[in-house]
Amino acid sequence: MDAYDEGSKARHLPDGPDGSLPEGPASAGSTPDSSPCADQESTGQESTGQESTGQESTGQESTGQESTGQESTGQESVPQHHDSQAPTAQAPGPQTPGPQAPTADPPVPVPTGIASLPLRSQIVAALALAIVAVVACVHLGMVFLHVAPSNTVTKQHGRAIDDWIYPEFEQNWKLFAPNPLQQNIDVQVRAQVRGADGGITETGWYDLSALDGAAIDGNLLPSHTQQNELRRAWDFYIGTHDNDNHPVGLRGDLSQRYLRRIVLLRLDREGAGGKGAVVESVQVRSRTTNVPPPKWSEEQVSDTPVLRELPWWTVPEEDVTDARTEASAG
C-alpha cells in the first residue's frame, strides 16, 4: 500500500477542467510521479465503502462535495443552489426616510360675511345684531310673563307687561281650544239723528263687522283696529252683562260706554243722517250665524241667524264731540 493513500489526511491534487490531473512536473515534496485519475478511489476508502472527498473544478457547484460515509448509509448530500437573482433580506431596524419633496403652502382663506367688511362697518353690524338680540330676548320674556300664571313679577309689573303686549302682540288661544269658535258674529248699529231742520229721523242698520271685513279683504297688512277693536268691544260687553243686558260687576258701565263710543265713531265716518246731523241715541245688536260644517261631517247645525238687540242708549254731548274729533284726526 502506498504511503500517500493512508489515512484521511492524504492530499490529492486538484482536478483539471476535464476531470484529469493537471499536466507538468510535480512540485517538490508533494505527490509521487504517477497521476491517478480524478475518479480513482483510494484503497482505504474502498474497503470502508466511502468515496474520496476530491474537489471538483472551479465550474462545479459551490456545495458539490459529498460527505464521507454518506453513500454507505444510502443518503446523498443535496447540493445547494444559490440564486443570484433572489432578493436579499433587509436588515431589521429603523430605516431612515429619504428626503421628501417640499410641499406647497396651503391657500389663505378669504374672509366672508361680516369679517369681509371694513372695521367701522363691522362695529355697526355688531351693534345692530346686539340690539336685535336684546329686543328679541325682552319680547320673549314679556310674552312669557303675559301668558304665565299670576306670580310676583306680574303682580308688581303687570302694567308694564300689558303696555308692551297690547294691542299688537295680544295672545289669543282660541286656535288651540278643544272647541274653537264656530260662529260668525256681526255687530250692527242704527241711530236716531237730529237733522239741520231739527227733525228726528232713524237710520237703517249699519253692518260694522261687514265694513271692517271689506277693509281687511285684499289688505296685506290690516291694522289691529280693523281686525279686533269692534270684536273685542262686543266680547267685553257680553262678558260683563247678563242675558237681560243688566251689568254684572263693576265693569258693566265701563264696557257699555266703550262700545257706545266705538259705534259713534263709526257712524260719524259713514256720515249717518247726512251733513250736519247730530246723533241723539244709538241701538246696537248682534247677528250670530253658525258656520256650516263640511260636507263629509254628519253634524247638523241651524242656519237661522240669532239676533240680540240692546236697548237704546242716549248719547251724551261730550261723546258726540269726542267722536267727531277722533274721526277728523283719523
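- Under a 4.5 Å side-chain heavy-atom criterion applied to ILVMFWY residues, the cluster that includes Ile200 comprises that residue alone.
- Taking each heavy atom of Val153 and Asn151 in turn, the nearest pair found is N-OD1, 3.0 Å.
- Between Ile238 atom CD1 and Leu310 atom CG the span is 7.0 Å, to the nearest 0.5 Å.
- Looking at Val132 and Leu129, their side chains never come closer than 4.5 Å, going by heavy atoms from C-beta outward.
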Test side chain to side chain contact (heavy atoms under 4.5 Å, CB included) on Ile216 and Gln227; report intermediate values, then the result.
CA-CA 7 Å; Ile216 292 173; Gln227 298 179 79; 3.7 Å; yes

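- Applying the salt bridge (Lys or Arg N to Asp or Glu O under 4.0 Å) test to Arg257 and every residue at least two apart in sequence or in another chain returns Asp253.
- Gln122 places a side-chain N or O within 3.5 Å of a backbone atom of Leu117 that can act as its donor or acceptor partner.
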Start with the C-alpha distance between Arg266 and Glu229, add both sets of side-chain angles, then the distance that settles salt bridge (charged side-chain N to carboxylate O under 4.0 Å, His left out), and finish with yes or no.
CA-CA 12 Å; Arg266 301 296 180 87; Glu229 183 184 52; 3.2 Å; yes

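- No more than 12 heavy atoms of other residues, nucleotides or ligands sit less than 6.0 Å from atom CZ of Arg251.
- The cluster map of Ile, Leu, Val, Met, Phe, Trp and Tyr, joined by side-chain heavy atoms under 4.5 Å apart, puts Val291 and Ile185 in different clusters.
- For the 3.5 Å distance criterion, the side chains of Gln183 and Thr288 fail to qualify, holding no donor opposite an acceptor.
- Using a 4.5 Å cut-off on side-chain heavy atoms (C-beta onward), Asp303 and Thr289 make no contact.
- Tyr237 places none of its side-chain heavy atoms less than 4.5 Å from the side chain of Val284.
- Remark: His139 engages Val143, Trp164, Phe169 in a side-chain contact (heavy atoms from CB on, under 4.5 Å) (not counting sequence neighbours).
- The heavy-atom pair separating Val301 from Pro292 by the smallest distance is CG2-CA, 4.5 Å.
- The side chain to side chain donor-acceptor pair (under 3.5 Å) search around Trp205 returns none, not counting sequence neighbours.
- Applying the ring pair (Phe, Tyr, Trp, His ring centres under 6.0 Å) criterion to Tyr166, with sequence neighbours excluded, gives His146.
- Atom CG in Asp162 sits 10.0 Å away from atom CE in Met142 (nearest 0.5 Å).
- Other residues sharing the hydrophobic cluster of Val110, ordered by chain and number and joined by side-chain separations under 4.5 Å: none, the residue standing alone.
- Contact annotation: the side chain of Gln283 never approaches that of Pro311 to less than 4.5 Å [non-hydrogen atoms, C-beta and beyond].
- Put simply, the side chain of Leu254 does not reach to within 4.5 Å of the side chain of Gln256, judged on heavy atoms.
- Under 4.0 Å is where a charged nitrogen must lie from a carboxylate oxygen, and between Asp186 and Arg231 no such pair does.
- At least one side-chain heavy atom of Leu230 sits less than 4.5 Å from a side-chain heavy atom of Ile262.
- The closest donor-acceptor contact from the side chain of Asn290 to the backbone of Ser302 lies under 3.5 Å.
- Across all their heavy atoms, Tyr206 and Ala272 have their closest contact at OH-CA, 3.6 Å.
- Counting only heavy atoms from C-beta outward, the side chains of Val278 and Val193 never approach each other to under 4.5 Å.
- Every residue was checked against the side-chain contact (heavy atoms from CB on, under 4.5 Å) condition with Val124, not counting sequence neighbours, and none meets it.
- Its side chain outside the 4.5 Å cluster rule for every partner, Leu307 clusters with none of the Ile, Leu, Val, Met, Phe, Trp and Tyr residues.
- Atoms CZ and OG1, from Arg232 and Thr225 in turn, are 12.0 Å apart once rounded to the nearest 0.5 Å.
- The CZ atom of Arg269 sits 12.0 Å away from atom CG of Leu264, with the distance rounded to the nearest 0.5 Å.
- Ser281 and Trp312 make their closest contact through OG-CE3, 3.5 Å (heavy atoms, listed as atom of the first residue, atom of the second, distance).
- Side-chain atoms of Asp244 do not come within 3.5 Å of backbone N or O of His246 as any donor-acceptor pair.
- Here the CG-OG1 distance, from Leu250 to Thr240, works out to 11.0 Å after rounding to the nearest 0.5 Å.
- Taking Thr314 as the reference, nothing meets the side-chain contact (heavy atoms from CB on, under 4.5 Å) condition, with sequence neighbours excluded.
- A donor-acceptor contact closer than 3.5 angstrom links the side chains of His224 and Asn228.
- In terms of heavy-atom proximity, Gly252 sits nearest to Pro247 at CA-CB, 3.8 Å.
- Within a 6.0 Å radius of CG in Asn243, other residues, nucleotides and ligands contribute 12 heavy atoms or fewer.
- Remark: Gln188 CD to Arg287 CZ distance equals 6.5 Å, nearest 0.5 Å.
- Pro294 meets the side-chain contact (heavy atoms from CB on, under 4.5 Å) test with Trp296, Ser297; sequence neighbours excluded.
- Clustering of Ile, Leu, Val, Met, Phe, Trp and Tyr side chains at separations under 4.5 Å places Leu127 together with Leu119, Ile123.
- A 4.5 Å side-chain heavy-atom check between Val134 and Cys137 finds every atom pair outside the cut-off.
- For Glu202, the salt bridge (Lys or Arg N to Asp or Glu O under 4.0 Å) partners are Arg190, not counting sequence neighbours.
- Considering every non-hydrogen atom in both Ser209 and Val187, the closest pair reads OG-N, 2.9 Å.
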